[in-house]
Every structure is written in structure tokens, then in C-alpha cells.
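First the proteins, then the strands, lettered A, B, ... as listed; each starts at 1. Keep in mind that the numbers below use all heavy atoms, side chains included, and drop hydrogens, waters and symmetry copies.
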Number of protein chains: 2
Amino acid sequence: MAGPGRPRAFDTDAALDAAVEVFWRRGFAGASLTELSSAMGINKPSVYGAFGDKAQLFQSALHRYVERNMGYVTDALEQPTARECAQAFLTGNARAVTMPGRPAGCLSVQAVATPDDSGEYAVLARNRATVQQLFADRFRRAIAVGDLPADEDPDELATFLITLSSGFAIRAADGTPRESLLASAHRAMSAFPSTAT
Amino acid sequence: MAGPGRPRAFDTDAALDAAVEVFWRRGFAGASLTELSSAMGINKPSVYGAFGDKAQLFQSALHRYVERNMGYVTDALEQPTARECAQAFLTGNARAVTMPGRPAGCLSVQAVATPDDSGEYAVLARNRATVQQLFADRFRRAIAVGDLPADEDPDELATFLITLSSGFAIRAADGTPRESLLASAHRAMSAFPSTAT
DNA sequence: ATATTTTTATACCGCTCGTTAAGAAAACGA
DNA sequence: TCGTTTTCTTAACGAGCGGTATAAAAATAT
């Protein structure tokens with residue numbers, strides 16, 4: 001298994017988890033290589049050797065973040081009805097952005113605030129657009145099988161949910177408690193269409 | 001009116017407007033003094049002479065931004081009914097964050113993404129909390145005069161609106177068109193209580 | 001005119017940033 | 001044991017940052 005050369009003295013998975021935490025808490029630009037490497041428990045050249053430059057490390061961290069902290073998205077998509085899907089997404093998001101012991105908010109929403117010259121904003125925007133597309137497709141299928149009224153617009157429903165979840169991330173970072181976000185999720189569901197008769 | 005000394009060769013109001021635009025587009029950290037002073041049409045020492053350091057300039061810019069680009073808040077608060085108030089706020093916000101010729105999004109939401117060591121995040125968070133409080137008080141009065149059902153929670157209603165507007169800012173920066181945001185605003189209004197009988 | 005005050009323009013400061021060069025250290029294959 | 005390969009540590013690089021020292025320029029006051 002091991003080829004020639006000195007073996008790594010650190011666990012790359014644990015180091016990446018540490019990088020996720022720093023990017024989550026500080027954002028892309030706010031996370032310095034010094035803080036990153038320190039949190040990862042390794043020196044800067046080791047970061048470059050194992051993960052590439054800062055932009056590549058960020059993309060790896062985002063991928064890891066999606067796997068570990070956005071599982072509620074796929075959970076929601078698998079719900080039997082569109083309403084349960086929307087409900088699961090909103091409550092799952094509200095819970096994810098207010099996890100005790102983790103940074104408040106959502107890495108995918110807050111790590112890059114404004115469109116920058118580099119490509120990091122585009123990476124996050126694409127990630128968000130992908131999630132929205134998944135829900136739009138889910139609602140399209142729901143309309144096709146009569147689970148949602150035919151006069152509903154699946155893209156508009158998906159955009160409504162993503163807008164709310166983006167707001168949840170901002171509010172969570174502001175210190176809004178989980179219960180408040182869940183109350184907003186509950187209220188928003190009263191604006192979500194019921195199963196077509 | 002004019003005392004001794006060489007007079008200013010620039011219009012401080014126009015310079016501050018230019019600074020607002022840069023902070024709006026780039027965020028606080030992303031706006032360098034070089035870009036700021038260049039957009040303001042003056043040299044860096046003139047910025048310090050007229051506006052203080054970067055943090056003070058940012059606070060002045062935020063104040064100007066609220067005056068010039070968040071008038072829809074006070075407009076909404078003056079609406080005769082709570083529903084019209086909420087409606088005016090959501091549509092006014094959706095329009096403000098998608099103004100042609102201006103940066104997409106909201107300076108108060110996006111200029112500082114994550115809680116930083118300096119105080120700029122706190123400045124914006126306080127600004128957002130103030131707006132929320134204004135709406136909570138507005139809805140409290142609405143309940144008192146029977147304009148809203150007595151079993152509604154004014155703070156919960158205000159948080160619902162602020163959450164949506166925060167989401168609008170994020171989505172607008174992502175390129176979501178104004179019509180989509182207005183559609184979400186319309187949908188959200190179907191979750192807002194009607195006047196008590 | 002001359003002294004005083006304020007703004008102007010240029011150049012520079014110390015610091016932190018992301019990134020890397022250089023060599024010692026630790027594994028392998030022969 | 002000896003090269004080879006990879007990772008390790010240390011130290012430094014150039015660039016850009018926020019902020020400022022300096023002195024010329026332009027106004028007023030006497």
C-alpha cells in the first residue's frame with residue numbers, strides 16, 4: 001500500500017475537517033493560511049502538499065461540508081410528498097445552521113459574501129443553484145404525479161425554499177435561536193401548496 | 001462660512017456616495033483603500049482627513065446607505081394596516097436589492113459575511129436588529145388596535161419578514177431576477193395573518 | 001506682504017497575506 | 001548500506017494591505 005518516501009504524519013481527513021471549521025467560521029477570505037494550518041495541526045507547506053493552494057483547499061472543504069452537514073437536503077428529497085419534502089428541508093436547514101458546537105450559519109451561504117474577482121463566489125453560487133435545481137425537479141415530478149396542483153410553478157416553489165434557507169443562514173449567524181427559525185419554517189409551510197385533490 | 005486654510009477640492013457628499021457603492025459591491029474587507037479612494041476621486045490622505053479611518057468611513061457609508069436605499073422600511077412602517085406594512089416591506093426590499101445600475105444585494109446584509117474580530121459585523125447586525133425591532137413594535141401596535149389577531153406573536157412575524165428580506169439579498173446577489181423575488185414575496189404574504197375580524 | 005491654517009500629492013512605513021525555496025528527516029527498493 | 005523518493009521544518013519572498021510623514025499649494029487674517 002505504502003510506496004517509497006516519508007509517510008504523512010497527519011490524518012488528511014481530520015485536517016480537512018479542521019479546515020472546514022475554519023472556513024465555516026471565518027469565510028474564505030477571512031481564513032488565513034496561518035490560521036488554517038494551525039487549526040489543521042500542520043505546517044503551511046504540508047497544506048500545499050496535501051491539498052493544493054487555498055482555492056483548491058476551499059473546494060475540498062466545501063465538498064466535505066456538503067457531505068457532512070447538508071445531508072438534510074437529500075433526506076428531504078426522498079420524502080414521499082412534496083409538502084413533507086419542503087417541510088423536511090426547511091426544518092433540516094434550520095437545525096443545521098444552529099448546531100450547538102458548530103459555527104452558526106451556512107458555509108455555502110456565508111463563506112464568500114460578495115462576487116469577487118476570483119472564482120470562489122461562483123463555486124458557492126453554483127452549489128446553491130444545484131440544490132435549488134434538485135428541488136425544482138422534485139416538485140416537477142410531484143406535479144406530474146398529482147402530488148401538487150398543476151398550476152403551481154416548480155421553479156418558483158424551489159426558489160421560495162432556497163430564499164428562506166438563505167435567510168435562515170443569515171439570521172442564525174446573527175444569533176437567532178433555532179426555535180425562531182423553526183417558527184418561520186412552520187409559518188412558511190402555510191404558504192406551501194397542499195397535495196392536489 | 002469658510003475659515004482659513006486651503007478649501008476642499010472635492011464634494012464630500014459625492015465622495016461618500018462613491019464609497020457606498022464600493023462597500024456595497026465589494027464588502028467591507030474586500031474594499032481596499034486604494035479602490036475606495038480611486039472611486040471617490042481623491043487620494044488616501046484626503047479620505048482620512050475627511051472621513052477618518054476605514055471603520056469610520058464604513059459607518060458613514062452605512063448611514064448614507066440606509067438613508068438613500070432603505071427608505072422602503074420607513075415607507076412600509078407608515079402603511080395603515082399590518083398586512084400592507086408587510087407587503088410594502090417585502091416588495092420594497094425585493095426592488096431595492098435588484099435595482100438596475102446598482103450592486104445586486106444589500107449592503108447591510110452582505111458587506112460583512114462572518115463575525116470578525118473587528119466591530120464591523122456588530123455594526124451591521126445592530127442595524128438589522130433595529131429594523132426588526134421597528135416591525136415588531138409596528139405589529140404590537142397592530143394587535144393592540146385589533147388590526148392583527150391577538151394570538152399572533154409580533155416578534156415572530158417580524159423575524160419572518162427579516163428572514164425573507166435577508167434571503168432576498170442573497171438571492172439577488174446570485175442573480176435571481178426581481179420578478180422571482182416578488183413572486184416569493186407574494187407567496188410569503190399568504191402566510192401573513194389577515195386583519196382580525 | 002507675511003504668517004497661519006488646511007488640503008493637496010507623493011512616497012513610504014510596518015504588517016500580514018498566499019506561496020515557495022532549501023535542506024534535514026524518514027520511509028522505501030536494491 | 002546506499003540511493004531514491006516523499007514529507008518534514010524553517011525561513012523567507014514579493015505583493016498588497018491600512019495608515020501616515022512630508023512638504024508643496026491654496027486659502028484666510030493681520
Applied to residues 136-145 of chain A, the salt bridge (Lys or Arg N to Asp or Glu O under 4.0 Å) test, sequence neighbours excluded, yields D137(A)-R140(A), R140(A)-D155(A)
**Asked** If you group Ile, Leu, Val, Met, Phe, Trp and Tyr by side-chain heavy-atom gaps below 4.5 Å, do I170(B) and L62(A) land in one group?
**Response** no
Sorted by chain and number, sequence neighbours left out, side chain to side chain donor-acceptor pair (under 3.5 Å) with E78(A) holds for none
Quick note, side chain to side chain donor-acceptor pair (under 3.5 Å) partners involving residues 87-115 of chain B, not counting sequence neighbours, are Y72(B)-N93(B), T98(B)-R178(B), S108(B)-N127(B)
Please write out the pairs of protein N or O atoms and N or O atoms of nucleotides 23-30 of chain D separated by less than 3.5 Å, giving the distance to one decimal.
| unit_1 | atom_1 | unit_2 | atom_2 | d |
| --- | --- | --- | --- | --- |
| dA25(D) | N3 | R6(B) | NH1 | 3.3 |

In whole angstroms, the gap separating P of dT20(D) from CG of L33(B) amounts to 10 Å
With sequence neighbours left out, the residues meeting side chain to side chain donor-acceptor pair (under 3.5 Å) with D53(B) are none
Residues at least two apart in sequence or cross-chain that pass salt bridge (charged side-chain N to carboxylate O under 4.0 Å, His left out) with R83(B), listed by chain then number, are none
Sequence neighbours excluded, the answer for ring-ring contact (aromatic ring centres under 6.0 Å, His included) partners of F160(A) is none
Note: contacts of residues 24-32 of chain A with DNA chain C (heavy atom, under 4.0 Å) are A31(A), S32(A)
Here the residues of residues 40-62 of chain B within 4.0 Å heavy-atom distance, strictly under, of DNA chain D are K44(B), P45(B), Y48(B), D53(B), K54(B)
Contacts of E120(A) meeting salt bridge (charged side-chain N to carboxylate O under 4.0 Å, His left out) (sequence neighbours excluded), chain-then-number -> none
Taken in chain and number order and not counting sequence neighbours, the residues that satisfy salt bridge (charged side-chain N to carboxylate O under 4.0 Å, His left out) with D147(B) are none
Applying side chain to side chain donor-acceptor pair (under 3.5 Å) to S165(A) and not counting sequence neighbours gives none
When rounded to whole Å, the CD to P distance for the pair E35(A) and dG18(C) reads 10 Å
From CZ of R8(A) across to C1' of dA27(C) the rounded distance in Å is 14 Å
